[in-house]
Novice: 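Would you mind keeping the following structure in view while I ask a few things?
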Amino acid sequence: MRYWLMKSEPDVYSIEDLERDRQTIWDGVRNYQARNFLRSMEVGDRAFFYHSNATPPGIVGLMQVSQPDIVDPTQFDPKSKYYDAKSPQDNPRWRTVQVEFVEQFPQIVTLEQLRQTFSSEELLVVRQGNRLSVMPVDEAVAQKILKLAKG
DNA sequence: GCCAACGTTGGC
DNA sequence: GCCAACGTTGGC
């Protein structure tokens with residue numbers, strides 16, 4: 001099983017929103033490293049849902065990739081804040097995935113807990129100043145996070 | 001609201 | 001291709 005971590009600000013889109021919608025296109029990623037991770041995702045991959053810019057920040061649930069390699073529609077929408085005028089129609093720059101809700105954890109695994117448990121080599125999100133919004137998570141680390149989540 | 005980190009842009 | 005200026009992310 002492959003694991004990822006994906007960030008979203010809960011004011012913009014939260015785990016509760018995903019539970020309501022059941023699935024969503026993970027749009028708006030405009031960073032090439034993050035996009036490359038999105039492009040390498042496969043159906044069935046699991047992704048931790050991380051609330052950034054939240055009080056407290058941390059991992060709040062689990063989702064799974066339900067459709068790979070989707071063209072992010074917001075890049076062609078001039079009204080979207082993610083509009084990219086330079087993205088060619090015949091070769092879209094921004095591709096992403098559709099994810100579906102798996103579960104909301106009974107308790108958040110806070111960034112503080114993650115820092116106490118993992119080094120920045122084990123888990124990229126605890127690295128200071130880390131701004132990457134999509135990142136891989138090592139499977140052994142993922143299993144420990146799942147344990148923390150179930151208290 | 002502040003500000004450090006850091007990715008991107010654009011002049012040269 | 002360098003790098004200063006700028007904009008954004010995201011913890012606090």
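Computed over heavy atoms, backbone and side chain alike; hydrogens, waters and symmetry mates excluded. Note on naming: letters A, B, ... go to the chains in the order of the sequence lines (proteins, then strands), and numbering restarts at 1 for each one.
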Novice: Hey, does the side chain of A/Lys7 come within less than 4.0 Å of C/dG10's phosphate (OP1/OP2), counting only N and O?
Specialist: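 Yes, such a contact exists.
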
Novice: Closer than 3.5 angstrom, by distance alone: can the side chain of A/Asp77 be matched with the main-chain N or O of A/Lys79 as a donor-acceptor pair?
Specialist: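 Side chain of A/Asp77 to backbone of A/Lys79: a pair is present.
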
Novice: What protein N or O atoms touch nucleotides 4-6 of chain C N or O atoms at under 3.5 angstrom, if any, and at what distances?
Specialist:
none

Novice: Provide the closest heavy-atom pair for A/Arg35 versus A/Val29 in the form atom of the first, atom of the second, distance.
Specialist: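 Minimum heavy-atom contact is N-CG1, 4.1 Å.
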
Novice: Strictly below 4.0 Å, heavy-atom distances to any atom of DNA chain C: list the hits from residues 71-80 of chain A, or just say none.
Specialist: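 The stretch gives none, as no residue of it lies under 4.0 Å from the strand.
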
Novice: Take atom NE2 of A/His51 and atom P of C/dT9, then tell me their distance rounded to the nearest Å.
Specialist: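 Distance, rounded to whole Å: 17 Å.
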
Novice: B/dC2 P sits how many Å from A/Asn53 CG, rounded?
Specialist: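 Result: 16 Å.
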
Novice: Measuring from A/Arg95:CZ to A/Arg39:CZ, what's the distance to the nearest 0.5 Å?
Specialist: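 A/Arg95 CZ to A/Arg39 CZ: 7.5 Å, rounded to 0.5 Å.
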
Novice: With side chain to side chain donor-acceptor pair (under 3.5 Å) as the criterion, how do A/Tyr13 and A/Asp21 come out once you've worked through the C-alpha distance, each side chain's angles and the decisive distance to 0.1 Å?
Specialist: CA-CA 11 Å; A/Tyr13 196 82; A/Asp21 297 342; 2.6 Å; yes

Novice: Quickly work out the A/Met6 CE to C/dT9 C1' distance and round it to whole Å.
Specialist: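 In whole Å, C/dT9 C1' lies 17 Å from A/Met6 CE.
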
Novice: Could you list the donor-acceptor pairs under 3.5 angstrom formed between side-chain atoms of residues 127-137 of chain A and any protein atom two or more places apart in sequence or on another chain?
Specialist:
unit_1   : atom_1 : unit_2   : atom_2 : d
A/Arg127 : NH2    : A/Ser120 : O      : 3.0
A/Asn130 : OD1    : A/Leu132 : N      : 3.3

Novice: If an axis is fit to five pairs at each end of the helix from B/dG1-C/dC12 to B/dC12-C/dG1, what is the angle between the two, to the nearest 10°?
Specialist: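 End axes: 10° apart.
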
Novice: Can you list, in residue-number order, the parts of residues 117-131 of chain A that come under 4.0 Å of DNA chain B, counting heavy atoms only?
Specialist: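 Within residues 117-131 of chain A, the residues near DNA chain B are A/Gln128, A/Gly129, A/Arg131.
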
Novice: Listed in order of residue number, which residues of residues 28-41 of chain A have a non-hydrogen atom at under 4.0 Å from DNA chain B?
Specialist: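 Result for residues 28-41 of chain A: A/Asn31, A/Tyr32, sorted by number.
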
Novice: For A/Ile108 and C/dG11, what is the distance between atoms CD1 and P respectively, to the nearest whole Å?
Specialist: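 Rounding to the nearest Å, CD1 of A/Ile108 and P of C/dG11 are 10 Å apart.
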
